[in-house]
Each structure stands twice: as structure tokens, then as C-alpha cells.
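Inspection log for the structure reproduced underneath, given as C-alpha cells.
Computed from heavy atoms alone, side chains included, the values below leave out hydrogens, waters and symmetry copies. Just so you know, residue 1 is the first one in the sequence shown, and it goes up from there.
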Amino acid sequence: MRFRQVHLDFHTSGLIPNIGRKFSKSQFQDMLKLGHVDSITIFAKCHHGYAYFPSETIPKHPGLSFDLLAAQIEAAHEIDVKVPIYLSVGLDEHLAWEHPEWLMRNEEDKTNWVDSFMKPGYHQFCLNTPYLDLMLEQIQEVVRKYDGDGIFLDIVGERKCYCPTCLKQMLNDGMDPKDPEQVKANGQRIYAHYTKRVREAIDEIKPGHPVFHNEGHVHQGRFELARMNSHLELESLPTGGWGYDHFPLSARYVQQSGMDFLGMTGKFHTFWGEFGGYKHPNALRYEAALSIANGARCSIGDQLHPEGLMDHATYSLIGKAYQEVEQKEAWCADTINHADVALFTVEAARIQQDSGSMFSGRIDMGAVRMLLEGNILFNVVDLESDWSEYKVVILPDSILMTEPILKKVESYLAGGGKLLASGRSGLNPEGTKSMLPLGIEDLGENPYKPDYFYPDFEMSNCEPASYIMYSQGRRIALTDGIELGRREDPYFNREAFQFSSHQHTPTSGEYGGPGMVETKHSIYIAWNVFEDYATKGSLVLKEMVLYALARLLGEKQSIVTSLPAQGVTTIQHQAREKRYVHHLLYASPVKRGERVEIIEDIVPLYEVKAEVRLPVEVKHVYLAPQMEAVPFEKTAHGISYIVPKLDCHQMVVLDYKN
């Protein structure tokens, strides 16, 4: 897999004429060179249902007079640029008008993406209908006719469908369409059948040819879905609804699989299909650097103008980011993330939660945000993962102890592991009894909300005080744990006939039981602190969690750095090269308009301190790609050094070769 990909969308209405009229091989090649692009995904079939080549199975776009797909492949291959080929699977608007009976339906018999034909937008097909056979013919035609470098299949995944075909199948198989779980199970088997048929169809022609099925998110706790692909492309446009926390969350899960993967962002100011929208160059610089710092290759989304002329401004913009990536690739290939902490997400535990971002819930996003801001080296794990290598496992807010989860946690603790748990985590599935040795007895939900926490420990940026806890808390009693801070209840809850001041009632100052408890192998916090941080961002929440992690990790914490909270740090291990690569990133996204996060100015940092503790003896330290030596000192547990300047992204190579 190449490092510098462009995903060239080309969803083009049949009402637009002169398709590809201005396409020029030399101009296409010049833009790829300007953008430092080494792979570009191009279109065989778009969401509108049109082919961009003379097809026997797909109607050719009415405004196209030549084989645009072949021309693009020839132009790219001539300059050694790879060309995966795109086909829209879930959407085919031309065919939707001919076979509406093949479309997905909800319980109210409405279509999706849009629920009627009187609204602009696409309608999604059910892959349990004869559409699947037609789609397989389309895929095979492209694979047979063209020398592409892979197949990208879009708008697919496990779906709940109530179309007549699915309802009839479920009834014939003794399933109950009124049971949402059985409808979900039917969607799972439909998707598994689809991916199996696609693999077989491609292998008939080109065995092992790369294929990726895009759903927009890799589901944690369901890695069997990821394995249906030859590689992974993590769609994660920060300004398009995913936010800047989503990609690190996904990458920290995916990299452990050993599968090749890339991070897909976009050049757009907002979302796909935005003509005339451009990010600031610093945003793409940062987003590309974020990919390689997390072990991924890069992909940047663009959309080709209907007349086929590549946009100079776009490839100048992309080139600013990819020129830097090109210089750094040697230190970013075949890496393994070095992590101290494992985050067992609510998603991986298969617990439903309200979404606070496009694809992940508030609890998980709050946890990832804290870990990133605290410069904690972490991975995201599920029940398939090997937990034994991690010094601490985090169970955030809502991890109830179903039998498989309880067995996993008990095995981890028996091996000497340590836990950080919060909120309802550790309770039985009914939420009535603590099942883990956290030094507490659970007494149920605290009837007061919000309430207060008074820490018995010093925090870096918080003075001793009673701090508001907005999220739901648990009442607990000590068993064999040590109290690290107490709960204080308000005088009363805010209600119609009893309230005080503008928001909530102040603390009564009276002892309400423990709020944070430590044992030799765990720390428990009695509130949903991760969900609270995602929604409120209160500093004390992060201070509580980072203090707990520092206590649990002790001298085993792999890195301590002065990098500010807006920074991101990872350590990637290149075992074959016998080196670790310390990545430091810094940028400050700001919100503009309605929920659009923007990176514009990148302020350089100077004299960033780092102490690194690794299981090897480091022999040489230098900056990459600058190849400048960095002085370092040995400490009691590792080495320390100072990064002289950080401008968006800097790599520090820790070489342990003799």
C-alpha cells in the first residue's frame, strides 16, 4: 500500500453534459505530481448509477463520449501512480427508479438515505435482492477489463432492512421481523453473504485482488467485519462530522491487527461533494501527520469536476501536506504502536450509547480526548485482543460485567494487570452489584445530580475545592480500598419548588461517602467522568483520570513530556530497523460556524521536554527527516532529551542498533 493516496470522487448527475471534455493526460499527470500523489482511487460507477467507461452492465453516463476510466488508468500508471477503482454499491439512483422494489425500507416502509422520491438525494439498495447479482456482474466486468490496483466498494455494511424480500426471508426462516435483534441478525448474515460473494467473484478473475468495503467506520468489537477486507481505509473527515478525536480512536484499534490501513480525510472545508471548499494547508499538514503518527498511510478526498479537469488549487494544497509525508515515509512503514494503557471502549463491549460524534459515543470520545491530552500512550482493545501486554486497562463509565467480559477482566487481573474503572463499570449486567475487586461496595445511583467531589490529593492545575460532577454518580462504601477523595451532596436537587441560584444547588459540605477509591491493582471513580468530559470538558475530570493513571503506571509510564494538552504524542516501534520513533504533533482546532473544527494557524513550540522509558538501551537519538542529532541523558529509568522545535509535526528517532 502506498503512503499518499487521493480518493477522487466523481458522483455526477446525468443532467450535466460534456463529461470529461477537458480531461488531459498531461494535466492529470501534472496535478498528481504537484500533489506528490502516488495512488488515486478513480471511478467506474458513481452514486448516480452511471459508468465512466463503455459498460455492458452499467448505463454509461449520457454526457460521456469516451472511456474516461481507461484514460485515467493509463495516465496514472505511466507515472507509477496506483489506481484502485471505485464502484458505488449501496447507491445507484438511476436503477432506483427502475427497481424501487430492491430498495431498503424501514419499519414505516420508507426508503433511506432519503425517505421519498420527492426529496433530493440517494436511495439505498438492499443486498438481499436481485440487485446483488447485478452488482457482482458490474464488479467482475471492471476487474476483467481494467488493470486496476484494487477495488473500493462504497456505502455497505450491516443494515436493518424491512423490505419485502427481507421480511419474506425472515418469515420463511422462522425469524420474527417484529424483534429488532432478529432484524439486526438478518442484516449481519446478509452483509457476510455479500462480502463472501464479492471475494469469490473477484477471485474468479484475479485471485487475491485487493478489495475494501467502506462503511465509514471500523466497528470496535467486530473485527470479523474488518477481516472481510484486504486492507482498511479509515474514513474520518474531521470537518465532516467525525471530529479530530475519531481517527486516533479508530487507528489505536486497527493498528494491532497487522492489516495495512490508511487514514482518509478530505481537502474540503466541510464534507464530500463540496466544490469550491478548501481547507487551510496547515489542516491537511496536520491531518496527514496524524495518520503517519498513528501507523497509517494517508488518503485525501477530492471530487473531480464533471468536465474532467483536475483542480490546480486542490493539488497545490494536497502537495503541501504530501511533500512532507514523502520525506518521512522511511520512518513510518511497518510500525507497531507502543502503548502503556488499553482502553476497552463501550463500543467494543457492544453497549449502546448516545452518539456524541458521527460514529462513536460520548463515553469513548471523552476517554480518547483525555488520553490524547494527557500524552498517555494507549491502544483500543476488544475481547479478542491480548490484554496481558498492557500495564493498565480502562473500563470507562458503562462496562457491565457480562460473562465474557468478566472472564477477560479476571484473567487480566490474575496476570498482574491494573484497572481504572468509573461509573457503572464493574457492575453485573443488572447494574445491582459490583463484580470486581475495586475496594468498594456499590450502593446504587446517587439520587443527587449534580453532586460534588473533594479530592484528597494534589492536582497540577486545580486547587483544593469541592468540584461539580455533572454526570450521574454512584453511592459507594469502602471495603478494602483507600479513599482518594470524597463525595459531597448538594442541599437538594433543583426542582420546580426548590431551587437556588441560576444552575444547581451548592454543596452542603457534608460527607456523602467515598468518591474515588484505590487498591493495589485498581482505582475506581464513582462518576461517569468520561461522558462528563465529552459533554462538559471540566478540567477536574481530566486531572482525576490522569492522577489515577500516574498512580497505576508509576515508574512504568513510558513517556513523560511537557507537550501541551493540544498536542498528540505516540511512539511507534520499527522492529526491523531496531528503532522507536517518537511522534509529536501540535495544532489547536477552533470552532467556526456550526460545529466545524478548523485548523488554521500552527504556532511552533520550542524546547519540548521528554523522558522516555523503553525496554531497550537507546544508542542514538536524532530528528527525522532532518537527520540532526539530539543530545540525550540517561535517567534512572530511561533517557531524557529536549526537542528544540515542533512545527506541526516532528519525529524523534530512538535508535537501539549498536
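- When every heavy atom of Asp647 is checked against every heavy atom of Ile602, the shortest pair comes out as OD1-CG2, 3.9 Å.
- For His47 and His11, the ring centers are positioned less than 6.0 Å apart.
- Closest heavy-atom contact between His48 and Asp92: O-OD1, 4.3 Å.
- Ionic pairing of Arg369 and Glu373 is not present here: no N-O contact between side-chain nitrogen and carboxylate oxygen is shorter than 4.0 angstrom.
- With Arg4 as the fixed residue, the side chain to side chain contact (heavy atoms under 4.5 Å, CB included) test singles out one of Leu262, Val81, Val37, Asp38: Asp38.
- Side-chain contact check for Asp382 and Tyr253: at least one donor-acceptor pair (N or O, by modelled atom type) lies under 3.5 Å.
- With salt bridges taken as basic N to acidic carboxylate O contacts below 4.0 Å, one links Arg159 and Glu215.
- Side-chain contact of Tyr86 with Asp154: a donor-acceptor pair under 3.5 Å is present, judged by distance alone.
- Closest heavy-atom contact between Ser291 and Cys298: CB-SG, 3.9 Å.
- Here the side chains of Arg297 and Gln5 are not in contact, with every heavy-atom distance at 4.5 Å or above.
- The aromatic rings of His219 and His217 sit perpendicular, their planes meeting at an angle over 60°, well past the 30° parallel limit.
- Glu326 has no carboxylate O lying under 4.0 Å from a charged side-chain N of Lys328, or vice versa, which leaves the two without a salt bridge.
- Looking at Met365 and Leu249, their side chains come closer than 4.5 Å, going by heavy atoms from C-beta outward.
- Around atom NZ of Lys25, more than 12 heavy atoms belonging to other residues, nucleotides or ligands sit under 6.0 Å away.
- When every heavy atom of Gly240 is checked against every heavy atom of Phe271, the shortest pair comes out as O-CD1, 3.5 Å.
- Nearest heavy-atom pair, Tyr315 versus Ile40, reported as atom, atom and distance to 0.1 Å: OH-CD1, 4.5 Å.
- No donor-acceptor pair closer than 3.5 Å links the side chain of Glu287 to the backbone N or O of Ile300.
- Looking only at side-chain heavy atoms (C-beta outward), Ile598 and His280 stay at 4.5 Å or farther from each other.
- When the shell of 6.0 Å around NZ of Lys82 is examined, it contains 12 or fewer heavy atoms from other residues, nucleotides or ligands.
- Ring pair Tyr580/His573 is parallel by interplanar angle, where below 30° counts as parallel and above 60° as perpendicular.
- Evaluated for a ring pair (Phe, Tyr, Trp, His ring centres under 6.0 Å) with Phe53, the options Phe10, Phe66, Tyr146 yield exactly one hit, Tyr146.
- Within 6.0 Å of the NZ atom in Lys591, the count of heavy atoms belonging to other residues, nucleotides or ligands does not exceed 12.
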Exercise for review: Just do the side-chain contact (heavy atoms from CB on, under 4.5 Å) check on Val608 and Tyr586 with the steps written out, would you?
Suggested key: CA-CA 11 Å; Val608 179; Tyr586 181 79; over 6 Å; no
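- Taking all atoms of both residues into account, the shortest heavy-atom contact from Gln255 to Gln572 is NE2-OE1, 2.7 Å.
- Neither side chain, Asn128 nor His193, offers a donor N or O lying under 3.5 Å from an acceptor on the other.
- When only modelled atom types and interatomic distance are considered, Thr57 and Glu137 share no side-chain donor-acceptor pair under 3.5 Å.
- Proximity of the aromatic rings of His61 and Tyr50 is defined here by a centroid distance below 6.0 angstrom, and this criterion is met.
- Between the side chains of Lys45 and Ser55, not a single donor N or O lies within less than 3.5 Å of an accepting N or O.
- Of the inter-residue distances, the one linking Tyr122 atom OH with Leu103 atom CG reads 14.5 Å to the nearest 0.5 angstrom.
- Ionic pairing of Lys145 and Glu56 is present here: one or more N-O contacts between side-chain nitrogen and carboxylate oxygen are shorter than 4.0 angstrom.
- Taking the six-membered ring where tryptophan is involved, the planes of Phe43 and His7 are perpendicular, since the angle between them exceeds 60° and thus also 30°.
- A ring pair (Phe, Tyr, Trp, His ring centres under 6.0 Å) with Phe125 holds for exactly one of Trp113, Tyr194, Tyr131; it is Tyr131.
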